[in-house]
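This structure is a prediction, so every number in the text was calculated from the model and none was measured. Chain identifiers are assigned alphabetically (A, B, ...) following the order of the sequence lines, protein sequences preceding nucleic acid strands; residue numbering begins at 1 within each chain.
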Amino acid sequence: MSNPQDHSLEQILGYLLRGGVLLSAFILLLGGTIYLWRHGREPVIDRHLFSPEPPEYSYPLEILRAANEFQGRALVQLGLLFLIATPVMRVVITLIIFARRKNLIYTLFTLIVLVVLCVGFFAGIVGH
Amino acid sequence: MSVLVFTLLVMVGSFFAGFLGALTGLGGGVVIVPMMVILFGVDMPYAIGVSLVSVIATSSGAAASYVREGYSNIRIAMFLEIATTTGGLVGAALVALKIIPMNALSIIFGIVLLISAYLASRPKGQQQLAEEPDKLATWLKLDGEMPGAQGPKPYHVRNVPTGFSLMFVAGMLSGLLGIGSGALKVLAMDQIMRIPFKVSTTTSNFMIGVTAAASAGVYLSRGYIDPGLAFPVVLGVLIGSMLGARALLVVQTRILRVVFSVVIFVLAIQMIWKGLMSGHS
């Protein structure tokens with residue numbers, strides 16, 4: 001059911017997914033290494049009772065700011081942002097595929113999924 | 001124990017979780033949470049958040065190859081993702097808004113773990129392919145073709161509303177427990193919707209990442225994901241599952257499956273026990 005144009009888009013999809021994971025893994029490794037370099041010798045944090053992470057590890061804007069200063073853990077969170085964004089980008093490309101095929105109903109379905117994804121992300125931020 | 005040693009131990013543990021998860025097809029997610037809670041003494045919310053992002057990593061990496069093989073049905077995936085992502089949001093909300101106490105979550109997790117292990121151990125029998133098209137499926141253009149020995153083989157999709165509802169539940173479990181819910185998704189597609197097994201598994205892999213992303217966004221912005229835990233887990237599981245997928249072609253998996261099933265069983269019982277004994281939520 002796919003024509004040559006869409007086939008190449010699907011190929012891009014495959015590379016995008018792999019690339020997104022690799023990029024994120026690289027940033028995770030970088031951030032993790034910095035974190036261990038600075039804090040590796042400290043006694044491990046007690047995680048028996050959950051308490052939410054501070055803003056610089058949870059709010060995207062704060063993450064970006066802290067990551068810019070090469071804060072290890074913020075870089076890790078940045079890597080996670082890229083990781084979460086990877087399937088979202090996949091949905092965006094799928095949206096383009098369906099729009100190009102002029103498939104109204106599936107463009108709509110894909111849009112709904114995209115909206116749900118955004119709602120989740122922003123609702124999390126707003127609800128603090 | 002120092003941060004460095006702890007981190008390395010977590011990475012090694014996650015490596016094995018990813019490796020065995022890929023070998024047995026159960027996924028790393030179901031092992032990560034019990035491993036973190038029981039072995040590393042980490043509180044459940046931390047475990048869920050970290051497991052969820054590791055699920056995105058492994059499924060996105062795997063999904064890349066499935067797209068190119070031509071089995072996954074993007075329309076089915078997109079349509080069902082409406083259900084799974086909404087379910088994922090609901091699941092994450094139930095946790096983030098503290099509607100479900102952690103000890104109840106622990107019990108639910110143990111039960112789901114047992115069911116997943118049982119589902120994974122069943123022989124992969126091919127369900128009878130539907131002979132006739134279904135009106136709703138045809139209207140939604142869900143039917144498709146898959147590569148076959150003598151050219152493309154068409155298939156029909158049935159029981160759309162039931163399948164859709166099951167997908168919502170699968171998504172909700174994913175957001176609630178930090179797992180991929182692949183087993184349930186494949187079950188719903190293969191057994192209920194009569195989608196051919198290979199299409200079901202590849203399409204399910206395709207959907208797992210998006211579903212997890214829906215809840216992961218909530219968890220991250222609400223501070224449920226600890227970076228010090230996330231980075232060894234994600235990296236460990238990634239490497240482990242990559243190697244596990246390769247090993248699948250070489251190793252005799254039957255013995256490992258049995259071992260893994262026993263491990264899963266023990267972990268599940270421990271999760272349920274912990275939930276029953278635990279006082280705080």
Side-chain angles (χ1 to χ4, degrees), chain A residues 1 10-11 13-15 17-18 20-21 24-25 28-29 31-32 35-36 39-45 47-50 52-54 57-60 72-74 76-77 79-81 83-84 86-88 90-91 94 97-98 105-106 109-110 112-113 116-117 119-121 123-125 127-128, chain B residues 1-7 40-46 53 56-57 59-61 63-65 67-68 74-75 78-79 81-82 85-86 88-89 92 96-97 102 140-141 144-145 209-210 212-232 234-235 238 280:
Chain A
M1 299 284 272
E10 279 164 15
Q11 282 228 313
L13 209 63
Y15 292 128
L17 287 173
R18 280 257 167 84
V21 174
S24 140
L28 283 180
L29 192 60
Y35 166 62
L36 286 178
H39 302 274
R41 261 157 277 170
E42 291 167 19
V44 68
I45 308 165
R47 292 184 177 92
H48 273 95
L49 216 55
F50 171 72
E53 297 297 308
Y57 301 147
S58 49
Y59 290 155
R73 276 173 285 187
V76 171
Q77 301 303 72
L80 293 182
L81 277 174
L83 188 59
I84 297 173
T86 301
V88 177
R90 197 219 93 196
V91 175
T94 310
I97 293 180
F98 284 134
I105 192 169
Y106 275 91
F109 284 168
T110 314
I112 294 175
V113 173
V116 173
L117 288 171
V119 164
F121 199 70
I125 300 172
H128 250 292
Chain B
M1 188 185 299
S2 72
V3 167
L4 180 63
V5 173
F6 180 77
T7 305
F40 290 100
V42 161
D43 204 7
M44 190 120 171
Y46 288 123
V53 282
I56 299 179
S59 70
S60 298
S65 47
V67 179
R68 290 178 248 156
I74 297 187
R75 288 180 312 286
M78 225 57 240
F79 172 66
E81 267 170 17
I82 297 176
T85 51
T86 315
L89 276 193
L97 296 175
M102 284 298 134
L140 289 168
K141 302 203 180 75
E145 296 178 331
V210 175
S215 352
V218 176
Y219 281 122
L220 181 66
S221 51
R222 293 212 131 220
Y224 274 70
I225 304 184
D226 180 329
L229 278 183
F231 105 84
V234 173
L235 289 179
L238 255 184
H280 88 272

Side chain / backbone / both / neither for B:L238 at chain A, heavy atoms under 4.5 Å: side chain

Proximal component of B:T7, with respect to chain A [non-hydrogen, under 4.5 Å]: side chain

Partner set under ring pair (Phe, Tyr, Trp, His ring centres under 6.0 Å) for A:F98, not counting sequence neighbours: A:Y106

Name of the residue among A:I97, A:V91, A:I105 meeting side-chain contact (heavy atoms from CB on, under 4.5 Å) with A:T110: A:V91

Engaged part of B:A96 at the chain A interface, taking heavy atoms whose separation is under 4.5 Å: neither

Between CD1 on residue B:I225 and CZ on residue B:F231, distance to nearest 0.5 Å: 15.5 Å

Most contacts with chain B, counted as non-hydrogen pairs under 4.5 angstrom, among A:L117, A:T86, A:L81: A:L117

Region of A:Y35 that comes under 4.5 Å of a non-hydrogen atom in chain B: side chain

Any A:L80 side-chain heavy atom under 4.5 Å of B:V234 side chain: yes

Interface moiety of B:L140 toward chain A, non-hydrogen atoms closer than 4.5 Å: both

Segment of B:I82 engaging chain A (4.5 angstrom heavy-atom cut-off): both

Proximity breakdown for B:F6 and chain A, heavy-atom pairs closer than 4.5 Å: side chain

Shortest non-hydrogen contact from B:A216 toward B:V53: CB-CG1, 4.3 Å

